[in-house]
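We count residues from 1, following the sequence as given. Everything quoted here is computed from the prediction, not taken from an experiment.
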Amino acid sequence: IGIAMDQAEDPEKIAVTFQIAQPQAFVSESSAVKPFFNITKTAEDLAGARNQLARSINWVPTLEQCQVILIGEDLAREGLKKYMDFVLRTHEVRRWLQIGIVQGKAMDILDMDFKSGLASSFVISEMMTQSSKNNFRATDYMDVGNLHVAFVENFDFILSRIILEENGLNMSGGAVFRDFRLVGWLSGEDLIGARFLRGDATTGYLTVDTPSDLGTKIMLRVYETRSDLQPEIRDGRLYAVLHLRLEGDIDEIVNPKKGWTSEELISKGGNLFEDYVKDVVTKSFNKANHEFESDPFRLKEKVKSYYPEFWKENEENWDEIYQSAVLEIQIEVQIRRVGETRSS
């Protein structure tokens with residue numbers, strides 16, 4: 001029901017931890033302590049580890065019910081093509097199987113115990129799915145199906161970042177890949193900008209600090225997002241033009257200093273959120289572009305499609321063209337209503 005892949009002590013091998021369900025534990029009169037157990041095997045790849053597993057248990061292992069694949073940071077930096085080849089090709093794995101990158105050891109996540117008593121694989125898969133629907137700082141954008149497309153078409157991407165903390169899991173932020181290798185991390189705030197650039201964000205919450213006359217902070221509940229990133233070629237230079245529209249309600253204003261009217265709050269709040277979103281989008285674009293030299297926003301694919309002649313002439317110089325690209329942001333934040341106003 002879950003797999004964790006880490007770099008083994010032998011640099012030529014990987015340590016694969018399998019989380020296996022015990023069917024008898026789900027029977028009402030069962031005395032089993034846990035509904036699952038973990039086994040770690042070391043091999044050259046996932047297929048080899050699974051063959052070792054089959055020889056060590058009295059069941060036939062299958063990946064049909066696998067919920068999540070977790071990959072440790074060290075292994076991800078080595079590259080995923082070799083180790084994910086079996087997953088991408090086998091018919092056993094569901095195409096929507098979740099994939100996450102652990103900042104640390106992946107096997108440590110599968111060893112976690114949750115108060116619900118559920119296996120960590122089920123909990124993590126559900127968290128990855130639900131968090132991305134209402135939280136701009138988390139993403140489950142890449143599953144096995146999308147990863148297969150990235151493998152075939154050779155484009156960069158972002159996977160979920162998972163951090164094991166003292167009090168639980170932190171699933172904000174993302175892992176940036178170039179040529180199927182982990183090249184850097186995006187913070188939760190960085191990922192807000194990345195999701196707007198990528199166009200997969202829908203609903204979520206944004207919070208900004210405010211000028212002293214307005215209060216200490218203001219929260220916007222975004223319930224509709226329209227995002228479109230298009231390349232434009234002007235005088236031989238690449239421009240990345242983002243058209244972004246957010247619509248939502250001000251859910252909360254903390255510690256206001258004076259009695260603002262709703263109209264004033266909507267006007268000032270809209271300007272604050274426009275400036276904030278421009279800032280996080282710009283930082284995310286520059287971080288992926290200049291620091292990681294990665295294109296998870298698929299500008300290359302769009303240039304190929306929209307400007308085929310330009311692409312043919314400049315294909316060999318694409319990295320230089322991309323890293324000198326100019327980002328332009330056209331944003332509108334439409335605030336409909338003002339909710340709670342309270343003192344801190």
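Within the 4.5 Å cutoff, no side-chain heavy atoms of Tyr205 are placed close to those of Leu220. Considering only heavy atoms from C-beta on, Tyr239 stays 4.5 Å or farther from Ile233 through its side chain. Two residues are said to be in side-chain contact when any heavy atoms from C-beta on lie closer than 4.5 Å; Val222 and Phe136 meet this criterion. Looking only at side-chain heavy atoms (C-beta outward), Val93 and Phe86 stay at 4.5 Å or farther from each other.
Ring geometry for Phe151 against Phe180 counts as perpendicular: the plane angle is over 60°, on a 0 to 90° scale with 30° as the lower cut.
Residues Ala43 and Ala49 approach most closely at CB-N, 3.4 Å, considering heavy atoms. The two residues Gly174 and Leu191 make their nearest non-hydrogen contact at N-CD2, 4.3 Å. Across all their heavy atoms, Gln330 and Val241 have their closest contact at NE2-CG1, 3.9 Å.
Using a 4.0 Å cut-off between a side-chain N of Lys or Arg and a carboxylate O of Asp or Glu, Asp45 and Lys82 do not qualify as a salt bridge. A salt bridge links Arg245 to Glu332: at least one charged side-chain nitrogen sits closer than 4.0 Å to a carboxylate oxygen. A salt bridge links Arg178 to Asp319: at least one charged side-chain nitrogen sits closer than 4.0 Å to a carboxylate oxygen. Between Arg94 and Glu64 no salt bridge is recorded (no basic side-chain N to carboxylate O distance below 4.0 Å). With salt bridges taken as basic N to acidic carboxylate O contacts below 4.0 Å, none links Glu274 and Lys278. Using a 4.0 Å cut-off between charged side-chain N and carboxylate O, Lys300 and Asp295 make no salt bridge. Arg221 and Asp249 are joined by a salt bridge, as a carboxylate oxygen and a charged side-chain nitrogen come within less than 4.0 angstrom of each other.
For the residue pair Tyr306 / Gln230, a side-chain donor-acceptor distance below 3.5 Å is found, with atom types taken as modelled.
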Could you go step by step and tell me if Phe122 and Phe114 meet the ring pair (Phe, Tyr, Trp, His ring centres under 6.0 Å) rule?
CA-CA 11 Å; Phe122 288 110; Phe114 292 90; over 10 Å; no

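Stacking of Arg298 on the aromatic ring of Phe155 is recorded, both the 6.0 Å distance cut-off and the 45° axial limit being met.
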